[in-house]
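Structure record follows, encoded as structure tokens.
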Amino acid sequence: MGRTVLPFSQVLEREYEEWKKFRRALRKEDQEAFDRLFDRARLHVQAAAYTSHPWPLESILLSICLEHEKLLTEVVEKLEGGNKNATEDKNEGGKSEIRISKSETNSKS
């Protein structure tokens, strides 16, 4: 009989389990951030399964990086839009402030 390949979602869960001791050693807020990283990796399970890379952690880390890149691009666009508004407001003597809430940063996960 041939070997069967585990679904990548199970590979991801196994990898998460292997890092549990590391997670437990983190502070509470860092544990939550750690969980969010793996949540971001779950968004790209299909791509990771398609590549069937021999080292799944690389696919997981690249998935996390991809989500962070998207988030950074979104933040930069908001900041650039805010700077444009701030320049317009300065001409009018007003104040402009950019706020990025925690819920906005977690909306992608």
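Bear in mind that the values here come from a model prediction, so they are computed numbers and not experimental data.
- Side chains of L62 and H44 form no contact here, defined as non-hydrogen atoms less than 4.5 Å apart.
- Classification of R42 and D39 as a salt-bridged pair holds, one side-chain N sitting under 4.0 Å from a carboxylate O.
- With values rounded to the nearest 0.5 angstrom, S63 atom OG is found 10.0 Å from Q46 atom CD.
- At least one donor-acceptor pair closer than 3.5 Å links the side chain of Q31 to the backbone N or O of L26.
- Taking the side-chain contact (heavy atoms from CB on, under 4.5 Å) definition, one finds that S52 meets it with nothing, sequence neighbours left out.
- By the criterion of side-chain heavy atoms lying less than 4.5 angstrom apart, applied directly or through intervening Ile, Leu, Val, Met, Phe, Trp or Tyr residues, L61 is not grouped with L43; the two fall into different hydrophobic clusters.
- For the atom pair CZ (F34) and CZ (R27), the distance works out to 15.0 Å, reported to the nearest 0.5 Å.
- Remark: L12 CG to L6 CG distance equals 12.0 Å, nearest 0.5 Å.
- In this structure the side chain of S59 reaches within 4.5 angstrom of the side chain of T51, judged on heavy atoms.
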Check against side-chain contact (heavy atoms from CB on, under 4.5 Å), R40 and L71: CA-CA 11 Å; R40 293 182 195 288; L71 184 60; 4.1 Å; yes
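- Side-chain heavy atoms closer than 4.5 Å link hydrophobic residues (I, L, V, M, F, W, Y) into clusters, and following such links, possibly through other members, connects L57 to F22.
- Comment: K70 engages E67 in a salt bridge, judged by a side-chain N to carboxylate O separation of less than 4.0 angstrom.
- Remark: R23 does not engage D30 in a salt bridge, criterion side-chain N to carboxylate O under 4.0 Å.
- The shortest distance between side-chain heavy atoms of F38 and I60 falls below 4.5 Å.
- Grouping the Ile, Leu, Val, Met, Phe, Trp and Tyr side chains by contacts below 4.5 angstrom, directly or via other members, places V45 with W19.
- Looking at E18 and E15, their side chains come closer than 4.5 Å, going by heavy atoms from C-beta outward.
- Side-chain contact between F8 and Y50 is absent, with no heavy-atom pair separated by less than 4.5 Å.
- The ring-ring contact (aromatic ring centres under 6.0 Å, His included) contacts involving residues 58-78 comprise nothing, where partners must be two or more places apart or lie in separate chains.
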